[in-house]
Each structure stands twice: as structure tokens, then as C-alpha cells.
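What follows is a structure written as C-alpha cells; I'll ask about it next.
Counting convention: from 1, in listed order, for ligands and their atoms alike.
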Amino acid sequence: MNYSFDRIIDRRNTRSYKWDQNEKLFGEPDVLPLWVADMDFPSPPAVKEVLKQRADLGMYGYAIRTDSYFEAIVNWFRDRHQWEIQPDWITDSPSIVTSLSLAVELFSEPGAPVVIQTPVYYPFYDVIESNGRKVAKNSLLLRNGRFEMDYEHLESLFQEGAKLLLLCSPHNPGGRVWEREELQQLGELCLKYQVTVVSDEIHCDLTFPGHKHTPFATLSPEIADITVSCLAATKTFNLPGLHTSFIVATNANLRRKMARRLQTLSLHMASHFAQDAVEAAYRNGADWLDEMMAYVQGNLEYAIDYLGSNLPQVKPLRPDGTYLLWLDCRELGLDAKGLKHLMYNKAKVAFNEGSVFGTEGAGWLRINLACPRSILEQALKQFCDAANANE
Ligand SMILES: Cc1ncc(COP(=O)(O)O)c(C=O)c1O
């Protein structure tokens, strides 16, 4: 191992969304936070190095995007995902959620249904509803301890007129890395009903051995033609506070519409820091990523074993990827309020309460595993002890 993921770095009082909101969100100062999806690991050293160099320059004027930045993206997706992206298919966007929201605005009509497969990352609901569209739910099916897509119900939504689908691939929560055949079946349905697919692939690099991410747009040129892929280095390398992402679209019409809207809102300008970090991470972060995922896999095994031995009523869904663990706590018999009380006030831990991901998530919790093992051990012990005392 070249990197020490066991090292605890105190993030309190660093303006951290995860560590500096305990009182405000949970009403308790000393809660261990394993919720929002950022990691308690420093980014690859090459990232810190370029950011230091940039800071040392002391001048932070307007930036351009360089060929070398686009080349780093292209090389990464070729090497890791066997996806040959042309640089001119890429358009930067401040964040994935920005892209999702703009896509809803541009590729659906006011009041129209937009399909999501639930439970799902909660901003998927927000971007639909805040744009005055209707959520059309295709609930995922829980079969043999993993989520599957319900193609029959999906087809009925398309028959009723839905023309836009927001795909979460890999899936958050639940950690499915959709298999090629599953995506192919989805893609064929979308082609049949002329549905545009906005594919959020922010978790694409976070896969465990035996699971391979398939970029939706690589399934066929026809499928690529109806797809806007939303990508970022931010989840992969723990850069989300730098607020940067990009979209890839082979279809010039879809791409131009997105680019034009980004420009209209003046969201198109480049950031020095974000661009330096993304390029350095893609060029020099592969070893770090592989070690980080091996460490997270160790955390996953630890969590599954510990929960199995100490609180067998709760049942984790083994993820194919992501650093998130979706935990079935329904046998504890607690509603959302009860689960929050158990976590925040009794166990002094903060996982995500599941119902924010949709009604299917009631009785579930989501644990962020991207932290030093000792923090995970402490959090699981506190949670299991409190749950057992609650019985
Ligand atoms: C599926 C998914 N999409 C998007 C995001 C956030 O991306 P951004 O910060 O670029 O909006 C997350 C963060 O957890 C996520 O899990």
C-alpha cells in the first residue's frame, strides 16, 4: 500500500458539509457523520501538488480550458472504460445536479412526466419537481438481495407518454453496477419509445472486483444518439467541493442545447482549481483509486460481518460498487423519526435516513463507507449497541 487510508484527519471546523453541521442537522454536537457522499480520505497527492502550485501563483484571474485537460478526460475513459470520447463531445458543467436540472428543463415539457428508478439519490426528485415536471416512478424490484429494473412497468410509463429518463448508473443507493445486458434492454426500450436518457455516471469508477461499469452511450451509436452522459472526477477522487463536472453527448443537437443553456446562465466559465485538480487526478490518480477501492472493500466486508454478528435483524444489500451501503432496518420496527432518534440521539451516529430516497427507502439507512476503518468500527459499535439497548 502506498497510501494510508487509516489516517484520521480532523475535518471539524474546516467548513465541512459532513462534519460541521451536527448541531444544525442532528441537534447533537458529537455525532459521527457517515452520511453525505464525500470521503474522509485526502485526494491523490498529485491533486494537492497542482493546487499548491496554483495557489502559489497568487493570481486567480479568468481561466481557459486547455487541450491537455480534455485529453486527460479522453485518456481516462479510454483506459478505464474502453470508451472513445471525442473532445468536442465534452461540455463542462458546474455539477452533475446542474446538468440534470438543465436536462429536465430542456428535454421535457412543463408538467410532463420524467422517469426515475426509485429509491434514488434525492436530487433526482428535486430537479424534476423544481422545474415543474412530474416524477414518474419506476420502482426498482428487490430480488435475491439486489435491485433490478422493472422493464414492464417502465414500458407502461413510456406508453403513457414519458419522454425523458434520468438513469443513475451505477445506482445510488443500493450500489448496483448495472450489467451490460440490463442496460441494453433499457436502451432498446428507450429507442422504441424515443425517450431521451440522461445518464448520471458519477459513480462509474467506484466498482468492486467482478463488476464492470458500462457507459450507457457505449451500447450502440443509436443509444448514444439519445443519451446525455453526466460525468465527473469529483466522486472518484474526492473533489466534490471543487464543484466541477462535464457532460458527454454524441448528438450535436442535445449537446448544443445544453451548452447554450449553460452559457445563458453564465455557468460555462472555467475554474483554475477545478481544472487543475481534475487533470492531475485523471493523469496520476489511478493507483490511488485502486488502493482506495480495495480499502473501501475491506470496510464493506467489516461492516457486513459486524452487522451480521451484532445486529442480525438489519440486512445490508451487498453493493457491486460505490462506497455506500444500503441497509434494510425494517425489522427494527422504527419509522423515519424513530430511526433518526436511534441514530442521532442514542447511537450518536448519522447515516442517511432512507425515506429521503423515496417511499421504498422507508425503514432503510445508507452508510458512507469511505472513512478510516476505526471511524467505521466506532460508528457501527455505537449503532448496534444503541439498537440492541432499544429492543
Ligand atoms: C448519483 C449522484 N449524482 C450526483 C451527485 C452529486 O454530484 P454533483 O455534486 O456534481 O452535483 C451525487 C453525490 O452523491 C450522486 O450520488
Side-chain angles (χ1 to χ4, degrees), residues 16-18 21 33-41 43 73 90-105 114-128 130-131 140 147 165-178 183 197-207 213 215-216 228-248 258 262 265 267-268 270-271 273-275 277-278 281-282 296 319-326 350-354 356-358 361 364-371:
S16 162
Y17 198 85
K18 194 190 211 171
Q21 298 201 88
L34 286 79
W35 60 287
V36 69
D38 73 17
M39 307 181 200
D40 295 328
F41 305 137
S43 295
I73 295 174
I90 304 171
T91 309
D92 264 27
S93 163
S95 79
I96 298 261
V97 177
T98 308
S99 304
L100 296 176
S101 185
L102 293 182
V104 168
E105 184 192 351
V114 178
V115 180
I116 55 177
Q117 309 204 83
T118 54
V120 74
Y121 178 57
Y122 36 88
F124 276 45
Y125 296 87
D126 300 340
V127 297
I128 296 171
S130 61
N131 277 298
L140 293 167
F147 283 125
L165 167 78
L166 306 185
L167 173 66
C168 191
S169 175
H171 193 81
N172 169 15
R176 277 303 316 281
V177 176
W178 304 115
L183 293 170
V197 180
V198 179
S199 188
D200 173 348
E201 301 183 13
I202 194 169
H203 294 277
C204 66
D205 297 310
L206 307 175
T207 53
H213 171 75
F216 194 67
V228 174
S229 305
C230 299
L231 306 163
T234 51
K235 201 69 45 179
T236 311
F237 298 106
N238 202 26
L239 316 167
L242 294 179
H243 219 57
T244 183
S245 79
F246 46 97
I247 63 162
V248 170
M258 291 290 287
L262 283 162
L265 296 169
L267 296 174
H268 62 297
S271 148
F273 286 95
Q275 200 178 174
V278 169
Y282 278 151
V296 167
D320 310 331
T322 79
Y323 51 73
L324 307 167
L325 182 62
W326 189 232
F351 308 141
N352 289 87
E353 187 280 308
V356 296
F357 298 87
W364 294 71
L365 298 175
R366 192 192 74 173
I367 304 180
N368 180 342
L369 299 168
C371 60

Check whether any side-chain heavy atom of P173 lies under 4.5 Å from a side-chain heavy atom of L324, and answer yes or no.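 Side-chain contact under 4.5 Å: no.
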For a side-chain contact (heavy atoms from CB on, under 4.5 Å) check, start with the C-alpha distance between N352 and L365, then their side-chain angles and the critical distance, and finish with the verdict. CA-CA 6 Å; N352 289 87; L365 298 175; over 6 Å; no
Can you find a pair of side-chain heavy atoms, one from V228 and one from V197, that are under 4.5 Å apart?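 No - every pair of side-chain heavy atoms lies 4.5 Å or more apart.
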Minimum heavy-atom separation for V356 to Y125, with atom names?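 For V356 versus Y125, the nearest heavy atoms are O-CE1, 4.4 Å.
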Would you kindly say whether T98 and S101 are connected by a side-chain donor-acceptor distance under 3.5 Å?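 Not at all, the side chains of T98 and S101 share no donor-acceptor pair under 3.5 Å.
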Which residue, Y121, W364, W326, forms the ring pair (Phe, Tyr, Trp, His ring centres under 6.0 Å) with F357?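 Testing F357 for a ring pair (Phe, Tyr, Trp, His ring centres under 6.0 Å) against Y121, W364, W326 leaves exactly one candidate, W326.
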What residues sit with at least one heavy atom under 4.0 Å from ligand 1?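 For ligand 1, the residues that come within the 4.0 Å heavy-atom cutoff are A37, S95, I96, V97, Y121, C168, N172, D200, I202, H203, K235.
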